[in-house]
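Below is a structure I'd like to ask you about.
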Amino acid sequence: MRHAGPSGEDIGRFPRSYYADTCDAPVDAEPLHSDVITDFCVIGGGFTGLGAALALARMGRSVRLVEMGPIGWGASGRNGGQIHVGWEQSQTWFEKKLGHDTAQALWRMALAARTHLDTLFDLAPDRCDFRPGLVFADHRPGHLAATHAHVRNMREVYGYGSLTPLSRDALRGMLDTAAYHGGSFDALGGHCHPLKLALAMARAAQAAGAMLHAHTPCTHLVPDRAGWRVTTPHGVIHAGQVLDASGAYARAMVPQTDAHVLPVNSYIATTEPLDPALADSLIEGGAAVSDARFVPYYFRLTPDHRLLFGGGESYGYRMPRDIAAFVRPHLARVFPQLAHVPISHAWGGSLAITPNRLPFVMQPQPGLHAVNGFSGVGVVMAPWLGQAVGRAMAGEANAAHDLVRRMPHPRFPGGPWLRWPTQALAMSFMALRDRL
């Protein structure tokens, strides 16, 4: 029987993607079939929820995690796999908005999140196909001065020596494309196989004692005398505390979350394996690349010499029927030499963005917690923030959790009915500027 999620996708199995086809068997996580009692319930089997479940289980707490599809089914198991060090906003933005001391604290948190990611890679024998290095590329010459000023600020004010500027010639020496005018290189960035990462986290959580339930959507969430009542199709979880970590698929579960996030569909395609010499000529050293567009292009090589390319977005939950045809023009814009290379896989997924592109942590009601809105930097930040919130839920003093809770998290304007069309129109306009 086919079961459809909010986007109309089949939640009974992973979408066909390069990741799903190059991964071990899914995590053995039986659906919930009875009523249970637990200290903590986590809703959402992505990086955030798995990070919280792993932390709670390692603290010896009883925790149940429910996921409407297979574990890792959502954005965590199908994103670009890019490892960005830092937040979606720059440190200069934080300095202006929140002050120097807070900006410094947030940067320390970003570095802690990156270190934490390495410990998660160590859970897998192949380290989740991790490759170091991230190129940030400017598609307009007028952007280059700001990029190089950012590099200077990070090196001089924050002591971040892993970031270096790239001139047009230096970038052209790293990428076989004339589409960019310079940029920067972050040696601490990189890329990985995100579904392998999610599955490694899930297996570690199970080994620590967490109970994971795939194919178990939360259909109703209400407070009761003991805490919270999480209703699923075949059983009820009575939990002292609940974490909503459902990302872009949260839809109306926690209304306060809905007001702060907008689902955005992102699309990825992989080519058939390229001649190794051709593949190596495209991106020097196998680094990941992300550009400065409002709707960014992001791309990298896979271990078997494919180009994995993300490009184009849409708003809402429905996706194009032919995703390969949707992505191909974007790919050809950067690498015209690959315009007619066969595409082996093409898929999409929804990610949650916020008005200021910063994730939020909130506690809408006693015992109910929500984390959402990673806006494209979830590979690094979501597992780390998930574990921080999990530890805070268990009563551990946690300065990082407290600081993120105090960060501004504005609502999208327009209320439940108008926020989608108004924001989609604004974002479509910004995307159009990328093409002019």
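Hydrogens, waters and symmetry mates play no part in the numbers below; they use all other heavy atoms, side chains included.
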Sorted by chain and residue number, the side chain to side chain contact (heavy atoms under 4.5 Å, CB included) partners of Arg328 (sequence neighbours excluded) come out as Ile343
Close side-chain approach of Arg78 to Ile268, heavy-atom, < 4.5 Å = no
Under 6.0 Å from the six-membered ring centre of Tyr158 and within 45° of its axis: does the NZ or CZ of Arg155 meet both?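 Negative - Arg155 is either too far from the ring of Tyr158 or too far off its axis.
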Face-on cation placement of Arg114 at Trp384 ring, 6.0 Å and 45° thresholds:
no
Full working for side-chain contact (heavy atoms from CB on, under 4.5 Å) between Cys192 and Val379: CA-CA 9 Å; Cys192 70; Val379 174; 4.0 Å; yes
Backbone N/O of Asp28 and side chain of Gln206: donor-acceptor pair under 3.5 Å:
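Yes, Gln206 side chain to Asp28 backbone: donor-acceptor pair under 3.5 Å.
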| Whether His148 side chain and Pro165 backbone form a donor-acceptor pair below 3.5 Å |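 Checking the backbone N and O of Pro165 against the side chain of His148, no donor-acceptor pair under 3.5 Å is found.
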Would you mind checking if Arg357 and Glu88 are paired as a salt bridge, meaning a charged N to carboxylate O distance below 4.0 Å?
->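 A salt bridge is absent here (no side-chain N lies under 4.0 Å from a carboxylate O).
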Without placing hydrogens or testing angles, list every side-chain donor-acceptor pair under 3.5 Å for residues 198-205, not counting sequence neighbours.
from   : atom 1 : to    : atom 2 : distance (Å)
Arg203 : NH2    : Ala25 : O      : 2.6

Worksheet item: Can you tell me if Asn79 uses its side chain to pair, donor with acceptor, with the backbone of Ala75 under 3.5 Å?
Response: yes
Ignoring hydrogens and geometry beyond distance, is a side-chain donor-acceptor pair present between Thr302 and Asp304 at under 3.5 Å?
yes
For the atom pair OG1 (Thr354) and CG (Leu262), what is the distance rounded to the nearest 0.5 Å?
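Answer for the OG1-CG pair, Thr354 versus Leu262, is 10.0 Å.
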Q. Could you go step by step and tell me if Leu243 and Met393 meet the side-chain contact (heavy atoms from CB on, under 4.5 Å) rule?
A. CA-CA 9 Å; Leu243 170 61; Met393 290 169 66; 3.9 Å; yes
Using atom types as modelled and distance alone, determine if a side-chain donor or acceptor of Arg131 lies under 3.5 Å from a backbone N or O of Gly285.
yes
Indicate the ring-plane relationship of Phe335 and Phe299, choosing parallel, tilted or perpendicular according to the 30° and 60° boundaries.
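If you compare the ring of Phe335 with that of Phe299, the planes turn out perpendicular.
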**Request:** Please step through side-chain contact (heavy atoms from CB on, under 4.5 Å) for the pair Val380 and Val85, ending with a clear verdict.
**Result:** CA-CA 7 Å; Val380 178; Val85 182; 5.9 Å; no
| task | Report yes if some heavy atom in the side chain of Val230 is under 4.5 Å from a heavy atom in the side chain of Arg64; otherwise report no. | result |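 No, every pair of side-chain atoms sits at 4.5 Å or beyond.
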Under 3.5 Å: donor-acceptor pair, side chain of Thr216, backbone of Ala214:
yes
Heavy-atom closest pair (Ala178 atom, Arg172 atom, distance to 0.1 Å) is CB-NH1, 3.7 Å
What is the distance from atom NE2 of His116 to atom CG of Leu111, rounded to the nearest 0.5 Å?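 One gets 14.5 Å once the value is rounded to the nearest 0.5 Å.
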**OP:** Decide whether His181 and Arg168 meet the rule of one side-chain donor and one side-chain acceptor closer than 3.5 Å.
**Re:**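 The criterion, which ignores hydrogens and geometry beyond distance, is satisfied for Arg168 and His181.
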| said: Does His193 form a side-chain contact (heavy atoms from CB on, under 4.5 Å) with Thr22? I'd like the steps, not just the answer. | reply: CA-CA 9 Å; His193 191 303; Thr22 56; 3.0 Å; yes
ask   = Can any side-chain N or O of Ser281 pair as donor or acceptor with the backbone N or O of Leu278 at less than 3.5 Å?
value = yes
Closest non-hydrogen contact found for Pro383 with Gly378 is CD-O, 3.2 Å
inquiry  = If we count only N and O atoms by modelled type, under 3.5 Å, do the side chains of His150 and Thr92 hold a donor and an acceptor together?
reply    =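 Side chains of His150 and Thr92: no pair found under 3.5 Å.
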Regarding Thr257 and Asn372, do their side chains bring together a donor and an acceptor under 3.5 Å, going by distance alone?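 No, no side-chain donor-acceptor contact under 3.5 Å.
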Roughly how far, to the nearest 0.5 Å, is CG of Asp118 from CG of Leu123?
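With rounding to 0.5 Å, CG (Leu123) is 11.0 Å from CG (Asp118).
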So, the side chain of Gln82 versus the backbone of Val289: is there a donor-acceptor pair under 3.5 Å, distance only?
yes
Would you tell me whether Asp138 and Thr147 have side-chain atoms, one donor and one acceptor, within less than 3.5 Å of each other?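 Yes, side-chain donor-acceptor contact under 3.5 Å.
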### Query
Side-chain contact, heavy-atom cut-off 4.5 Å: Pro408 with Leu98?
yes
Between the NE2 atom in His401 and the CE atom in Met109, the distance rounded to the nearest 0.5 Å is 10.5 Å
Q) Counting distance only, does the side-chain N/O of Thr177 pair as donor-acceptor with the main-chain N or O of Val334 below 3.5 Å? A) yes
Side chains of Ser344 and Thr270: is there a donor and an acceptor less than 3.5 Å apart?
-> yes
Per ring pair (Phe, Tyr, Trp, His ring centres under 6.0 Å), Trp347 is matched among Tyr18, Trp73, Tyr19 by Tyr19
Open item on the list: If you define the side chain from C-beta out and look only at heavy atoms, does anything of Leu282 sit under 4.5 Å from Leu175?
Closed with: no
Closest non-hydrogen atoms of Pro194 and Ser76, given as atom of the first, atom of the second and distance, are CB-O, 3.3 Å
Original post:
Quick one: are Met174 and Leu166 in side-chain contact, heavy atoms under 4.5 Å?
Top reply: yes
Review point. Do His100 and Phe94 touch side chain to side chain, with heavy atoms closer than 4.5 Å?
Key: no
* Shortest non-hydrogen contact from Trp87 toward Pro359 ->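 For Trp87 versus Pro359, the nearest heavy atoms are CZ3-CG, 3.7 Å.
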Indicate whether any N or O donor in one side chain lies under 3.5 Å from an N or O acceptor in the other, for His139 and Arg293.
no
From CA spacing to verdict: side-chain hydrogen bond (donor to acceptor under 3.5 Å, both in side chains), His409, Asn356: CA-CA 7 Å; His409 46 87; Asn356 61 7; over 6 Å; no
Test of ring centre spacing under 6.0 Å for His191 and Phe130
no
Whether the side chain of Glu67 engages the backbone of Gly49 through a donor-acceptor N/O pair (distance < 3.5 Å, no angle test) should be reported.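 Not a single qualifying donor-acceptor pair exists.
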Closest non-hydrogen contact found for Trp93 with Leu358 is CZ3-CD1, 3.8 Å
Do Met362 and Arg405 come close enough that some side-chain heavy atom pair is under 4.5 Å?
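They are not in side-chain contact.
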In this structure, OG1 of Thr271 is separated from CG of Leu308 (nearest 0.5 Å) by 8.5 Å
When every non-hydrogen atom of Cys23 is compared with those of Lys196, the smallest separation belongs to SG-CG, 3.6 Å
Notebook entry, point to check: If only atom types and distance count, is the side chain of Asp244 paired as donor or acceptor with the main-chain N or O of Ser246 below 3.5 Å?
Noted result: yes
- prompt: Going from CG on Leu368 to CD1 on Ile43, what distance comes out if it is rounded to the nearest 0.5 angstrom?
  reply: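 That separation rounds to 8.0 Å.
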* **Side-chain touch Leu188/Leu134, heavy atoms, less than 4.5 angstrom** => no
Which of Tyr267, Tyr297, Tyr298 passes side-chain contact (heavy atoms from CB on, under 4.5 Å) with Phe309? It is Tyr297
